Number of protein chains: 2
Amino acid sequence: MRPSAKRLPAKPRRPAARRAPTQKPYHHGDLRRVLIDAALQLVGEGGPDGLSVREAARRAGVSPGAPFRHFPSREALMTAVAEEAQRRFRAEIEAALTEAPADDPLARFRHLGLAYLRWAMRNPTHFEILSSRRFFDHDKSVQVSRDNNELIDLTGRTLAEAFAKGQLRVTDLKQVQIAGRALVYGFARMNIDGHFPRWGVNDAEAERTAEAVLDLFIAGIAQR
Amino acid sequence: MRPSAKRLPAKPRRPAARRAPTQKPYHHGDLRRVLIDAALQLVGEGGPDGLSVREAARRAGVSPGAPFRHFPSREALMTAVAEEAQRRFRAEIEAALTEAPADDPLARFRHLGLAYLRWAMRNPTHFEILSSRRFFDHDKSVQVSRDNNELIDLTGRTLAEAFAKGQLRVTDLKQVQIAGRALVYGFARMNIDGHFPRWGVNDAEAERTAEAVLDLFIAGIAQR
DNA sequence: TCAATTGTGTAATCGATGCTTACATTCACA
DNA sequence: TGTGAATGTAAGCATCGATTACACAATTGA
């Protein structure tokens, strides 16, 4: 609730509306949200280490101690950032999946992998924090772990459907899934960790190579 | 300066040899080496963030400013740690390769991947620092980049030999190599980043799964 | 032999950070 | 309308990386 939009029917003593525009109100309004946005930006700019509680407070125009009213620790703020990133990650993958053919599980699997890779390549720092346990305790975030598990289940089901349709020549789907995860995760992390020095973020060649690598993997497991 | 302990040439001044054993000499002896060892230990214990210049100095029994005589920055100390780790990494991989059959390139490729995975699984924090550009500037370490490039070249040559012998069904070796790197790197990083919560370090099941995943990949590219 | 040079350690200090405590202000509700 | 809860500020702590001035020691060369 913003301080200007309160009840106060009959009282002329300086309401927030009459406050001088340059003078900011004592209460921020939606500091929690603003802090998360600032933190998202900081992580985007400087990676996980770029997140500073004080800097986030600075950008929100608030005292250095204020964020601790909303987040008990830097790690908690990082967790909130990861939750927001995970939400976007999952949303984009599921959106991409709606455009995939419903009756071709292997093609859906490919769409899944491509959407995964594309988001990871375009949002490297955000992908990094939600993928590594170093930056926050995944067990303490129900949303991140749930979203992640559902994504894993989704690929598992898709693979099972592909197998049921006779699209796979391999039988151990569990290992196929782990290998597939390792492949896309490894590619995404190689990009993050600077193993592709010729590419910049959003480089089209990077995404083309990602696609080729994914297709190589799929060709290896597909029936032919 | 300490006024009481001036130079005073003609005096029963105690030379280093006659110094009491409990009293440590002013000069450490081999501080640089000891600092690297302490730093290796710190990284092994607490990951990359666990390295603190002060703590390394503390363990070396030296003042907080002393390490800066040997390393201009924390990053430089981390680079030295990474160089030592990279040296061990490469040595172990090359040692494993000597035990591989000389006339079977694909088997050698497999040995290469297995040695890579094994070392990464058993030395997760050390693998992490030498694999990510976050912790030090790879361009500033000739050793790390050279060792890494030679390892990459080694796998490239092995793949080329396998192809020449007709052991591969794929033609784009460049993409096979990138996919292979992504696979083992992704698996190693998944382990580091806590994606295999059931496993501990040195868990035999982890290495067995790593082997199975690698074999799945090789089966996908091998001629049959 | 011994004085100068160079190398290597200490002590003190700086600014930034995460985090805590005490206090101030405002909101929400009975 | 008044009171407790929520949310901000101010001040301060410990730790960290890093710098500077200074102390001590080993090496060198005339």
Side-chain angles (χ1 to χ4, degrees), chain A residues 1-11 13-19 23-35 38-39 42 46 48-79 135-136, chain B residues 1-11 13-19 23-35 38-39 42 46 48-81 135-136:
Chain A
M1 46 313 284
R2 315 255 320 287
S4 59
K6 60 176 169 189
R7 44 194 83 257
L8 219 279
K11 214 47 193 297
R13 64 148 192 282
R14 55 180 65 257
R18 304 187 63 189
R19 194 186 301 272
Q23 184 179 355
K24 67 179 182 185
Y26 188 90
H27 283 88
H28 184 283
D30 193 5
L31 182 55
R32 183 187 165 86
R33 180 69 245 171
V34 172
L35 284 172
L42 284 171
D49 297 341
L51 171 57
S52 148
V53 177
R54 291 180 107 98
E55 180 60 28
R58 224 170 275 132
R59 296 197 179 188
V62 100
S63 77
F68 290 92
R69 289 287 177 197
H70 298 271
F71 304 97
S73 66
R74 187 195 111 111
E75 193 184 47
L77 176 55
M78 187 66 97
T79 302
F135 307 111
F136 69 102
Chain B
M1 63 185 85
R2 315 226 318 278
S4 59
K6 282 309 226 331
R7 36 196 74 253
L8 265 242
K11 228 15 188 349
R13 65 166 188 271
R14 43 189 76 254
R18 307 188 63 187
R19 194 187 301 275
Q23 183 180 354
K24 67 178 182 184
Y26 187 90
H27 283 87
H28 183 282
D30 194 5
L31 183 54
R32 183 187 165 87
R33 181 68 244 172
V34 172
L35 285 172
L42 285 171
D49 297 341
L51 171 57
S52 149
V53 178
R54 292 179 106 97
E55 179 60 26
R58 226 170 273 131
R59 296 197 179 189
V62 102
S63 78
F68 290 92
R69 288 288 176 195
H70 298 271
F71 305 97
S73 66
R74 188 195 110 110
E75 195 185 43
L77 176 55
M78 188 66 98
T79 303
V81 172
F135 306 111
F136 70 102

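Keep in mind that what you see is a predicted model, and the values were worked out from it rather than measured. Chain naming here is simple, since letters A, B, ... match the order of the sequence lines and numbering starts at 1 in each.
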Starting at atom [atom1] of [X], determine the distance to atom [atom2] of [N], rounded to an integer number of angstrom.
X      : N       : atom1 : atom2 : answer
L42(A) : dT17(C) : CG    : P     : 10 Å
F71(A) : dT7(D)  : CZ    : C1'   : 14 Å
F68(B) : dA11(C) : CZ    : C1'   : 15 Å
E75(B) : dG17(D) : CD    : P     : 13 Å
H70(A) : dA6(D)  : NE2   : P     : 12 Å
L77(A) : dC19(C) : CG    : P     : 10 Å
L35(B) : dG17(D) : CG    : C1'   : 15 Å

R74(A), nearest nucleotide to its side chain (from dT10(C), dT9(D), dC19(C)):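 Selected nucleotide (nearest to the side chain): dC19(C).
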
Partner residues of [X] under the salt bridge (Lys or Arg N to Asp or Glu O under 4.0 Å) criterion, sequence neighbours left out:
X      : result
D49(B) : R134(A)
R59(A) : E45(A), E55(A)
R32(B) : none

Partners passing ring-ring contact (aromatic ring centres under 6.0 Å, His included) against F135(A) (at least two apart in sequence or in another chain):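 ring-ring contact (aromatic ring centres under 6.0 Å, His included) check on F135(A) returns nothing, list empty.
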
Close residues, residues 50-60 of chain A, relative to DNA chain C [heavy-atom separation under 4.0 Å]: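 Under 4.0 Å from DNA chain C: L51(A), S52(A), V53(A), R54(A), R58(A).
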
Under the side-chain contact (heavy atoms from CB on, under 4.5 Å) test, residues paired with R33(B) that sit two or more places apart: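 Testing R33(B) for side-chain contact (heavy atoms from CB on, under 4.5 Å), a comparison that skips the adjacent residues, returns D30(B), I36(B), D37(B), L40(B), E84(B).
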
Comparing S73(A) and D30(B) on DNA chain C - which has the more 5′ nearest nucleotide: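 The residue closer to the strand's 5' end, by nearest nucleotide, is D30(B).
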
Side chains of P64(B) and V53(B) in contact at under 4.5 Å (non-hydrogen atoms):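 P64(B) vs V53(B): side chains apart.
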
